[in-house]
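Just so you know, residue 1 is the first one in the sequence shown, and it goes up from there.
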Amino acid sequence: MKKIIEELYFGSINMQETINSASIPEYKEKIRQISDQELSFLKLLSLEGKEQYKKLEGMKADAMVIDYANIFKEGFRLGAKLMLEILEN
């Protein structure tokens, strides 16, 4: 059995595979509401407006990836600090 640090290093652990937000009813409902609103909004836009909106959404998604990676790293650091504190006492 590999140690967790080796699994992390070799990419055997993928948090996106272990986290399933779609199984949470509140999440599913919120995503449905967002989708409905987005479809209604897109109907109001011209072709050029739709293209600009898609570009904007792509830029927001790129920023979210950076933000979520940073949150993950900070959470990992906090967990490591917690383990160090536990081992000190």
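The side-chain hydrogen bond (donor to acceptor under 3.5 Å, both in side chains) test applied to K54 returns no partner, not counting sequence neighbours. With sequence neighbours excluded, no residue satisfies ring pair (Phe, Tyr, Trp, His ring centres under 6.0 Å) with Y27.
One distance of note links NZ of K81 with CD1 of I86; it measures 14.5 Å at 0.5 Å rounding. Atom-to-atom distance recorded for S23:OG and K28:NZ is 8.5 Å, nearest 0.5 angstrom. Rounding to the nearest 0.5 angstrom, the gap separating the CD atom in Q52 from the CG atom in L45 is 9.0 Å.
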Distance-only donor-acceptor hits, side chain of residues 55-75, under 3.5 Å, sequence neighbours excluded:
{"from": "E57", "atom 1": "OE2", "to": "K60", "atom 2": "NZ", "distance (Å)": "3.1"}
{"from": "E74", "atom 1": "OE2", "to": "R77", "atom 2": "NH1", "distance (Å)": "2.6"}

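More than 12 heavy atoms of other shown residues, nucleotides or ligands fall within 6.0 angstrom of atom NZ in K50.
Remark: side-chain polar atoms of S35 are not paired, donor with acceptor, to backbone N or O of I31 under 3.5 angstrom.
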>> For E29 and Q33: C-alpha separation, side-chain torsions, deciding distance, then whether side chain to side chain donor-acceptor pair (under 3.5 Å) applies.
In response: CA-CA 6 Å; E29 176 60 19; Q33 291 172 357; 3.1 Å; yes
